[in-house]
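The block underneath contains the structure these notes are about, expressed in structure tokens.
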There are 2 protein chains.
Amino acid sequence: MTVSRVLRNRGDVSAATRERVLTAAKELGYVPNKIAGALASQRVNLVAVIIPSLSNMVFPEVLSGISQILEDTDLQPVVGVTDYLPEKEEKVLYEMLSWRPSGVIIAGLEHTDAARAMLKASGIPVVEIMDTDGNPVDAMVGISHRRAGREMALAILEAGYKKIAFLGTKMPLDHRARKRFEGFTEALAKSGVEVCEREFYSGGSALAKGREMTQAVLERTPDIDFIYYSNDMIGAGGLLYLLEQGVDIPGQIGLAGFNGVELLQGLPRQLATMDACRLDIGRKAAEIIARRVTEESVDTEIALSPTISYGDTLRRP
Amino acid sequence: MTVSRVLRNRGDVSAATRERVLTAAKELGYVPNKIAGALASQRVNLVAVIIPSLSNMVFPEVLSGISQILEDTDLQPVVGVTDYLPEKEEKVLYEMLSWRPSGVIIAGLEHTDAARAMLKASGIPVVEIMDTDGNPVDAMVGISHRRAGREMALAILEAGYKKIAFLGTKMPLDHRARKRFEGFTEALAKSGVEVCEREFYSGGSALAKGREMTQAVLERTPDIDFIYYSNDMIGAGGLLYLLEQGVDIPGQIGLAGFNGVELLQGLPRQLATMDACRLDIGRKAAEIIARRVTEESVDTEIALSPTISYGDTLRRP
DNA sequence: TTGAGTGATGTTATCGCGAACATGATTCAG
DNA sequence: CTGAATCATGTTCGCGATAACATCACTCAA
């Protein structure tokens, strides 16, 4: 018992015994068994973080925001990856919940019924992140992708572009990309404009895909004057390709991506984009969990507002 | 007890009761408590994976290799990030070991004494990955970065380059980058060549840094004819910069990076590089853990051989 | 001198499950 | 028809810590 007190800095222990315990522990290479500790105390200092992918760069950044905040608490993030598959999300969630974490941060608002039920039944704080177009189980932090698509559409129209193409990922599973696309086409439609070309990819090097798709749509429809990419990586690929072709950007063709990834800073031209507030989303989500764990109550719906960065590839209004 | 048997598919349970249990569990939203299960069975199906960073792209790929293999077992990876800090590594390791995982996969061979002691004392399989220049606590899977540096040096010399610069990360904490650099300079020295310029960065967008540093060294030493970058991202930045400047590559200046990242495929020219076998490292490491957990004994030292890819930026021999 | 207060340490029960063994029912070979 | 094997289910105990309470020694004010 005294050992337990020393190792947790709890209760009164004389300096002498504390010292003895500490040296003995070091000597024996003793590592306390958190499993037993958690079972006895009914507390687990883990926060389940469930995201679709680690190779998207977006998610490591969210994670980094989460870590920043949790580092000042005794909570620890544990990551699960779903590969954008609802069934895998359900499985991962089940696995994580069976460890009785102190909270869950999960990407997206779309989950299987079973997953949603588990989240509700878990009795722990749940923050759904990235997206705010929908109803959260508990709390949510993110941006409206529909609005992001709309705003980009308006900026493009305002800049005078008319023949607009959309290049993106195959979207059945990426709801946020889908919502951006929907918002985008909606806003164009209101001005009587229709996307004149669209192309979707999956897998492969995004940069290379951006090139290929850009080339493909321009071959089919040479008079395109704007291309909206569903992410910056393929946008960067397209930008590199068009520059090589000697196309005047943003005069002849304008370009925009989405995410505001750091990578863009090294490109020959700054691609127009929209910041997805990734770091902030992670931080805010972690804050909600941290507060909730300490019994405070908090705002549960936070919609951040991304702003357009015009870069060098979209004429300013 | 019967419930336990049903939920773990162990022992005999009649189809009827199994059914009853399953429906009851679903109805109640029952999620078994792994904490108690682990405590009772002394088995935890987690594998601790400890890596320096998630934003390096190298590590997500290693992780993906690990996941691929572990998916066919009942093991699950749990990731800890150290930010290249030895003390944080120690802390993360301690935290993870206190959950009594079934195995540890940890990047690098350099750890604090305490960390090494914990690994030894843990009594579970430990695989140190990425690097083979040193002595593992238990098993190791990786490539020799020293040799990678040497081989690149030889290829460069063979191609006839003479004024060679090195651009990389600030290395005190990135031992693998350091070893590559050491192998590189060593091999050059054997041919009486010395690196004529070197520059190190930390933080920021790697692509942008690659540009800046390339510009900087060329301003200082305009007659450089080869630049070896410690990773592909800064190499890509340098490549983009030099192409903009209208430099003849690989005639006037040759370039090479390291890692073989997918990104390169979308660049205007293919950067010379060396594959770090990331996916393979992850797979092999996971295999070792999986085998060991099932009592099989396995090879414990696996050195993979990366090969040079000449791309378009290094003259072929 | 006393007894309340505090500081340091010990004791016991408990967390929710699984291992090991126990039990009762059924099957089946000889 | 019997005894052994098999199947289905139940019982008991213990995993390694913590919560809650208990104990004992000591201090100090009234």
Side-chain angles (χ1 to χ4, degrees), chain A residues 1-46 48 73-76 78 93-102 118 121-124 293-295, chain B residues 1-46 48 73-76 93-103 118 121-124 293-295:
Chain A
M1 199 56 232
T2 300
V3 171
S4 169
R5 278 193 268 257
V6 170
L7 266 40
R8 287 179 304 147
N9 288 318
R10 202 153 302 207
D12 303 311
V13 184
S14 69
T17 9
R18 146 170 270 102
E19 211 47 48
R20 281 201 302 146
V21 168
L22 253 28
T23 58
K26 188 149 286 179
E27 227 166 83
L28 298 169
Y30 173 77
V31 178
N33 187 327
K34 285 221 176 183
I35 299 173
L39 185 60
S41 66
Q42 305 288 341
R43 276 183 288 98
V44 178
N45 68 336
L46 302 176
T73 73
D74 62 349
L75 295 172
Q76 277 213 327
V78 180
L93 180 62
Y94 184 83
E95 286 286 323
M96 306 207 93
L97 285 183
S98 69
W99 287 102
R100 301 290 189 268
S102 293
M118 281 190 268
S122 69
I124 55 177
V293 165
T294 60
E295 315 282 292
Chain B
M1 199 57 231
T2 300
V3 170
S4 168
R5 278 192 269 258
V6 170
L7 265 41
R8 287 179 302 145
N9 286 318
R10 206 153 300 210
D12 304 311
V13 184
S14 70
T17 7
R18 146 170 270 105
E19 211 47 49
R20 280 202 303 148
V21 169
L22 252 30
T23 57
K26 187 148 288 180
E27 229 166 83
L28 299 169
Y30 172 75
V31 177
N33 187 327
K34 284 222 179 187
I35 298 173
L39 186 60
S41 67
Q42 305 288 336
R43 274 184 290 96
V44 177
N45 69 334
L46 302 176
T73 72
D74 62 350
L75 295 172
Q76 278 213 328
L93 180 62
Y94 184 83
E95 285 287 323
M96 306 208 92
L97 286 182
S98 71
W99 287 101
R100 302 290 189 268
S102 293
M118 281 191 268
S122 68
I124 56 177
V293 165
T294 59
E295 314 281 293

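Here is the naming used below: chain letters follow the sequence lines, and residue numbers restart at 1 for every chain. Both backbone and side-chain heavy atoms feed into the values below; hydrogens, waters and symmetry mates do not.
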Check: Starting at the 5' end of DNA chain D and moving along, which residue's nearest nucleotide shows up first, B/D12 or A/N33?
Finding: B/D12

Check: For DNA chain D, whose closest nucleotide is more 5', that of A/R8 or that of B/V13?
Finding: B/V13

Check: Just by protein heavy atoms under 4.0 Å, how would nucleotides 22-28 of chain D read 5' to 3' in B, S and -?
Finding: -------

Check: Using the C1' atoms of five pairs at each end, what's the angle between the two axes of the helix from C/dT1-D/dA30 to C/dG30-D/dC1, to 10 degrees?
Finding: 40°

Next item on the list: Write down the distance between CE (A/M1) and C1' (C/dA8), rounded to a whole number of angstrom.
Entry: 13 Å

Next item on the list: Starting from C1' on C/dT9, measure out to CZ on A/R20 and report it in whole angstrom.
Entry: 11 Å

Margin query: Does D/dA17 have OP1 or OP2 under 4.0 Å away from a side-chain N or O of A/Y30?
Written below: yes

Notebook entry, point to check: Under 4.0 Å between a side-chain N/O of A/T2 and OP1 or OP2 of C/dG10, yes or no?
Noted result: yes

Next item on the list: Heavy atoms only: give me the nearest A/W99-A/V44 pair and the separation to one decimal.
Entry: O-CG2, 3.7 Å

When you compare the protein's N or O atoms with those of nucleotides 25-27 of chain C, which come within less than 3.5 Å of each other, and at what distance?
none

Distance-only donor-acceptor pairs under 3.5 Å for side chains of residues 27-42 of chain A, two or more places apart:
unit_1, atom_1, unit_2, atom_2, d
A/N33, OD1, A/I35, N, 2.8
A/N33, OD1, A/A36, N, 3.2
A/K34, NZ, B/E95, OE1, 2.8
A/S41, OG, A/G37, O, 2.8
A/S41, OG, A/R43, N, 3.3
A/Q42, NE2, A/L39, O, 3.3

Next item on the list: Mind listing the residues from residues 36-45 of chain A sitting with a heavy atom below 4.0 Å of DNA chain C? Number order is fine.
Entry: A/L39, A/A40, A/Q42

What side-chain donor-acceptor pairs closer than 3.5 Å can you find for residues 16-25 of chain B, not counting sequence neighbours?
unit_1, atom_1, unit_2, atom_2, d
B/T17, OG1, B/S14, O, 3.2
B/T17, OG1, B/S14, OG, 2.3
B/R18, NH2, B/N9, OD1, 2.9
B/T23, OG1, B/E19, O, 3.3
B/T23, OG1, B/R20, O, 3.0

